[in-house]
Each structure stands twice: as structure tokens, then as C-alpha cells.
Protein chains: 2
Amino acid sequence: MILDCCIVHYYCLATPEHAVPPRIPPSIRCHLPYLLARAYQRQQRLFEAHTRDFDITGRDYGLLLMLESNPGLWQSEIADLMGLDRTTVTYLVDSLQKRGWVAREPDPADRRAHVVTMTADGRTALESIRPAAAAAIDEVLAPLDETERDQLRALLTRLLGH
Amino acid sequence: MILDCCIVHYYCLATPEHAVPPRIPPSIRCHLPYLLARAYQRQQRLFEAHTRDFDITGRDYGLLLMLESNPGLWQSEIADLMGLDRTTVTYLVDSLQKRGWVAREPDPADRRAHVVTMTADGRTALESIRPAAAAAIDEVLAPLDETERDQLRALLTRLLGH
DNA sequence: TATTGTTATACTCTATAACTATA
DNA sequence: TATAGTTATAGAGTATAACAATA
């Protein structure tokens with residue numbers, strides 16, 4: 001991704017007891033960019049930890065979810081929806097197609113475009129992975145009760161300008 | 001990073017009017033992992049956009065901030081604080097040292113370790129970049145008023161278990 | 001001409017493993 | 001033996017540019 005650089009990355013999975021090392025001063029620890037980066041990092045690592053037995057990345061999983069609710073997306077639509085370059089989507093779809101989870105074929109209505117759909121195997125894989133992904137989300141959100149989760153949802157939605 | 005995969009990446013800088021494409025169903029748009037990933041992605045892209053004139057990444061900037069408040073960190077401490085592998089820190093420090101912004105020397109108390117400090121040039125660079133970084137943060141947080149920012153801070157801090 | 005997708009290429013980030021120098 | 005740091009290597013992710021097919 002263009003901006004893989006980010007504000008600060010502090011989380012260390014190997015030493016959870018040092019998740020908040022004492023030498024990070026409040027001036028950094030309370031900065032929202034730092035908190036956001038840390039939360040994202042934690043989410044990433046927990047997703048990987050919970051889905052280690054499956055041949056899937058979080059991005060793959062996200063695309064399967066997208067295709068579940070939007071069968072027949074063009075690759076260019078996937079690029080728009082996921083904020084990725086067209087070329088990156090080519091590789092992403094390639095990778096899922098190699099596992100037999102998605103299929104692509106030219107759109108009869110516009111043969112420039114390729115329509116991507118989930119296969120039966122893809123649906124099976126999605127169902128087998130869903131519990132692990134849900135467990136990862138549960139662990140990320142464990143410190144928040146339902147009210148707090150709603151507040152966080154609302155704030156992030158506002159932050160994104162929705 | 002291990003988990004560069006993430007839940008979903010939707011944000012498209014090139015087409016801000018499509019920041020929330022209509023085909024993302026509520027079931028995905030309201031998922032906290034999606035919102036967190038989107039917010040992080042937005043933060044990353046705005047940081048890069050605002051600091052394009054400077055030879056710096058968000059991670060570089062984060063390390064300079066760390067060194068500002070913690071002069072004389074060991075590289076192994078930086079690795080812990082930022083959740084990075086030792087080898088990655090070697091390259092990170094190399095890169096800043098090449099720009100003349102940090103120096104490293106063996107710790108007299110334990111000559112295995114290298115102490116990293118910011119140079120005068122590094123402080124100058126930090127001060128010249130700080131306004132651009134602040135502008136990036138301002139733009140990310142623009143949709144939230146001060147109360148909402150405090151709420152978000154509190155929620156993310158709880159999420160991280162602090 | 002513009003758009004969709006592909007390929008070639010390169011660069012960044014990061015991990016593993018093997019190494020050195022110190023403790 | 002254990003730890004701090006370095007180097008070599010490899011893999012993933014992603015960008016740019018050039019290209020083919022289609023509109």
C-alpha cells in the first residue's frame with residue numbers, strides 16, 4: 001500500500017506484558033494517530049493469529065465478504081471498493097482463483113470487464129473461516145461492552161465522514 | 001509488517017466522492033474491523049499527502065518523536081516500543097542515520113548495545129516536519145469536535161487495555 | 001480516445017537464519 | 001549460554017509503465 005508508513009507502531013505480540021511500555025510518554029500515548037495505529041496493528045495480528053490454520057489473509061477474507069453480498073463485481077469495482085490499484089486487484093483475484101474460491105469471466109455486456117464471483121468452494125471456505133474471524137474480532141473488542149462498541153462505531157463512522 | 005493483511009481496505013484517495021461506495025452493505029460498513037481499517041488507511045494516506053515534500057515516512061516520524069522524549073534508546077528497546085523485529089530496526093535506524101538525523105554508538109555500559117540519539121539536524125528536521133504532520137492529524141480528525149476526540153481517545157485506550 | 005485488465009519491473013517492508021561481538 | 005546488532009536472503013504488498021482487448 002502506498003502509505004504503509006504510518007504514525008507509530010508499538011504493539012509487540014511476543015511480549016504482551018509490555019504492550020504499553022513505560023517509556024512511551026503520555027504525549028505520544030494519548031495521540032489519536034498512535035492509538036489508531038496500535039488498534040489497527042492489534043486487529044491485524046489477532047486476525048492472523050486466529051486464522052493461522054487457514055490459507056487466507058485478512059484482505060482475502062474481506063474480498064470474500066464483499067463478493068458474498070455483491071456477486072459479480074468487476075475487478076475495477078473491487079479496486080474502488082477496497083481502495084486498491086487495478087494491478088493489485090489482479091494479483092488478489094489471481095490468488096483466490098488459484099485456491100478455487102472465486103471465478104472470473106468476461107462480462108457479456110462489456111467484454112473489457114471481468115466479472116468476479118465466489119465459487120461453491122469459496123462459500124465453503126468462507127463458512128469454515130468465519131468462526132475464526134469472529135473470534136479474532138471478539139478478542140479485539142473484548143475490553144469494550146456493547147454500548148462502548150456502539151460509541152466507537154459511531155465515532156469512526158463520523159471520522160470517515162459517512 | 002507480519003499482518004499487512006487486514007480486514008478490508010476500501011478507501012480510495014483518487015475518488016473521494018466514492019469514499020463510501022454504495023455497494024458496501026451495512027453488514028460490512030458497520031463492522032468495527034472495517035471502520036478501524038478504513039480510519040487507519042485514511043490516516044496513513046493523509047500523513048503521506050501532507051509530508052510529500054519531506055524525505056520521511058510516518059514510521060520515521062514516530063521514531064523521531066520517540067527519541068525526542070527518550071534520548072539514548074537501545075535498538076532493542078526501539079524494537080519493543082514499536083513492535084518491530086530487531087532486523088527491521090537496524091534498517092530503520094540505518095535509513096535515518098543516512099539522512100544525518102540520528103547517531104548510534106556503542107553503550108559504554110554494555111558494548112553489545114547501540115545507543116540511538118537524535119542529532120541537531122534531526123531536531124531541525126523534526127521541527128520542520130511537525131507542522132505538516134499536525135496538519136495531517138487535523139485533517140483526519142476534522143469531522144470530530146473536541147469532546148468526540150476525547151471519547152475516541154478513551155475508547156481506543158480501553159480497546160488497547162491500558 | 002477512454003477503459004478494463006494483464007504483465008514486467010522495481011521498491012518497500014518485514015521475517016528467518018546465520019553470523020559477530022560482547023556479557 | 002544468552003543477548004545486541006548486522007547481514008544475506010526471501011517473500012509479500014504495491015506502485016508505475018507499457019501493453020492488449022474492447023468500448
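On a predicted model such as this, the values are computed, not experimentally measured, just so you know. Throughout, protein chains are lettered first and strands after them, A, B, ... in sequence-line order, and every chain is numbered starting at 1.
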Residue met sooner reading DNA chain C from 5', once Val115(A) and Tyr91(B) are mapped to nucleotides | Val115(A)
Protein-nucleotide distance (Ile56(B), atom CD1; dT12(C), atom P), rounded to Å = 15 Å
Candidates Gln97(A), Arg99(A), Lys98(A) - the one meeting side chain to side chain donor-acceptor pair (under 3.5 Å) with Ser95(A) = Arg99(A)
Rounded distance (Å) that lies between atom C1' of dA21(C) and atom NE2 of His114(B) | 9 Å
Would you classify Thr90(A) as touching base, sugar-phosphate or nothing, given that sugar-phosphate means primed atoms plus P, OP1 and OP2, and contacts are heavy atoms under 4.0 Å?
-> base
Would you kindly give the CG-to-C1' distance between Asp80(A) and dT4(C), to the nearest whole Å?
-> 12 Å
5'-most by nearest nucleotide on DNA chain D - Gln75(B) or Arg112(B) | Arg112(B)
How many Å lie between CD1 on Ile78(A) and C1' on dT6(C), as a whole number?
-> 15 Å
Arg86(B) CZ to dA8(D) P: how many Å, rounded?
-> 16 Å
Flag the pair Gln44(B) / Leu36(A) as yes when at least one side-chain heavy-atom distance between them is below 4.5 Å, and no otherwise.
-> no
Counting only side-chain N and O atoms of Thr88(A), is one of them less than 4.0 Å from OP1 or OP2 of dA15(D)?
-> yes
With a 4.5 Å limit on heavy-atom distance, are the side chains of Leu64(B) and Val102(B) in contact?
-> yes
State which of dA15(D), dT16(C), dC13(C) makes the closest approach to the side chain of Thr87(B).
-> dT16(C)
Round to a whole Å and report the spacing from CG of Leu84(A) to P of dT4(C).
-> 16 Å
Rounded distance (Å) that lies between atom P of dA17(C) and atom CG of Asp85(B) | 11 Å
Length of the line joining Glu48(A):CD and dG11(D):C1', which is rounded to integer Å = 13 Å
Less than 6.0 Å separating the ring centroids of Phe47(A) and Tyr61(A)?
-> yes
